[in-house]
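Here's the structure we're looking at; comments come further down.
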Amino acid sequence: MNITQVKVIVTNPGRNFVTAKIETSEGISGVGDATLNGRELAVATYLSEHVAPMLIGRDAFAIEDTWQLMSRASYWRRGPVQTAAQSAIDMALWDIKGKALGVPVYQLLGGRCRTGVMAYTHAGAAEISETIDDLQMFIEQGYHAVRLQCGVPGVPDVYGVDRDTSTQPGAGTERPYVEGWDTSAYLGVVPKLFEAAREAVGFGTHLLHDVHHRLTPSEAGWLGKRLEDHRLFWLEDALASDYQSAYRLVRQHTTTPLAVGEVFTSLVDCEQLIREQLIDYVRASAVHAGGLTGLRKIAAFAEPYQVKTGCHGAADMSPITMAAALHFGVSTHNVGIQERALHPEEADDVFPHAYTFSDGYLDPGEAPGLGVDIDEALAERYEYRRGYLPVVRLRDGTLTNW
Ligand code: KDG
Ligand code: MG
């Protein structure tokens with residue numbers, strides 16, 4: 001069965017998504033997600049101009065060889081544009097193989113080793129009391145794990161406090177919009193948030209928090225230590241992880257579990273973090289770390305170090321990535337949790353899917369392949385809109401990490 005066509009579909013059902021659809025000589029097609037939030041057309045162009053032509057005529061079953069070809073044929077290694085394209089092709093080929101053999105992809109990955117993947121979702125509002133209300137609502141909906149964020153006094157527009165995380169911030173704006181930041185005010189409020197949460201709901205629900213790359217190693221160590229009594233499931237992206245060794249200092253100062261890596265594109269980005277056991281969870285995703293094949297390589301490396309995965313699952317990755325994450329999630333031993341942010345309704349219509357959520361757990365379903373598709377006619381109705389992720393400036397105007 002050979003690859004006959006690689007279509008690249010860009011659509012905006014509530015937010016931008018880039019999809020690769022591979023067609024084959026046997027009439028079986030497969031889909032893969034290539035969405036890179038804020039840089040969508042770079043990946044779409046890379047796919048259509050550089051990747052698609054070299055795939056035509058190749059054996060659609062040769063997944064590993066195609067993955068290696070995509071890693072090596074550009075000569076220029078890794079990088080999010082390259083790996084988002086590689087991820088989409090990889091997912092689509094797993095989808096095709098599952099459909100051709102009549103099995104859900106998780107069967108190709110070794111079969112089930114758990115009944116469902118525990119999901120966490122996002123509670124975040126300006127006031128601590130409102131975040132706690134959201135937390136209680138999610139517990140009523142069945143969640144066993146919830147990420148908590150809250151406003152920082154004196155700082156307008158803080159990461160994670162939008163009630164609706166499904167839509168795209170800054171869509172249609174000509175420039176990235178600017179958020180503020182104040183580390184001291186932030187470090188003052190976060191311990192209060194978790195104190196209030198534990199008081200309200202006790203210890204029966206896992207609580208998580210995303211720092212979103214804002215702290216220095218010593219600040220992160222302080223925060224982790226300060227939160228220990230509240231027993232977080234994880235503290236995410238406490239610092240920008242450009243230098244993996246920076247996590248040594250954080251690790252030495254706190255036993256709060258650490259999660260890193262939604263921006264990682266390969267094992268190279270987290271090899272030291274895992275080998276030195278500087279983290280507990282790696283956040284790499286099927287869409288940015290080389291598809292199911294790339295994600296499996298990271299997980300296999302992490303397993304003996306007792307590092308688990310907790311795949312990035314924000315709304316800016318399409319339902320195709322969620323489906324891939326769940327096939328990986330039920331069949332891979334060291335999977336810890338899966339992030340779940342709801343997509344806009346229109347996106348769920350454009351990408352009909354077999355995965356389900358019940359009692360806090362996600363399940364990929366039993367449909368052959370990934371169990372997700374793209375309705376091309378519907379997708380065509382939603383035109384791409386340029387959008388940027390925000391940037392952050394300190395009070396004195398200094399640009400810092402978003
Ligand atoms: O595109 C960037 C978002 O996916 C990211 O900011 C969301 O940090 C995030 C998370 O943990 O979901
Ligand atoms: Mg994050």
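Along the sequence shown, residues are numbered consecutively beginning with 1. Ligands are counted one by one from 1 in listed order, and the atoms in each one are counted from 1 as well.
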Return the minimal non-hydrogen interatomic distance between Leu235 and Leu232, and the atom names on each side. CD1-CD2, 4.3 Å

Within ligand 1, which atoms have a heavy atom of Asp316 less than 4.0 Å away? 1 (O), 2 (C), 3 (C), 4 (O)

Parallel, tilted or perpendicular: which one describes the rings of His209 and Tyr186, with boundaries at 30° and 60°? parallel

Within 4.0 Å of some non-hydrogen atom of Glu236, the atoms of ligand 1 are 11 (O)

N/O separation below 3.5 Å, Trp402 to ligand 1: no

Residue, atom and distance of the protein heavy atom nearest atom 9 (C) of ligand 1 read Tyr159 OH, 2.9 Å

Taking the minimum heavy-atom distance to atom 8 (O) of ligand 1, which of His122, Glu339, Glu262, Arg15 ranks first? Glu262

Trace of the side chain to side chain donor-acceptor pair (under 3.5 Å) decision for Glu64 with Gln68: CA-CA 6 Å; Glu64 176 69 20; Gln68 295 291 348; 2.8 Å; yes

Between the NE2 atom in His327 and the CG atom in Asp95, the distance rounded to the nearest 0.5 Å is 8.0 Å

Would you say the rings of Trp402 and Tyr177 are close, in the sense that their centroids are separated by under 6.0 Å? no

Numbering as shown, the atoms of ligand 1 that approach Arg283 to under 4.0 Å (heavy-atom distance): 10 (C), 11 (O), 12 (O)

Before moving on, can you tell me the angle at the Mg ion (ligand 2) between the OD2 atom of Asp210 and the OE2 atom of Glu236, to the nearest 10 degrees? 100°

Answer with side chain, backbone, both or neither: which part of Arg147 has a heavy atom less than 4.0 angstrom from an atom of ligand 1? side chain

Hey, looking at atom 1 (O) of ligand 1, which of Thr35, Leu36, Asn37 has the closest heavy atom? Asn37

Does Met317 have a heavy atom less than 4.0 Å from any atom of ligand 1? no

What do you reckon, are the aromatic ring centroids of Tyr355 and His353 less than 6.0 Å apart? yes

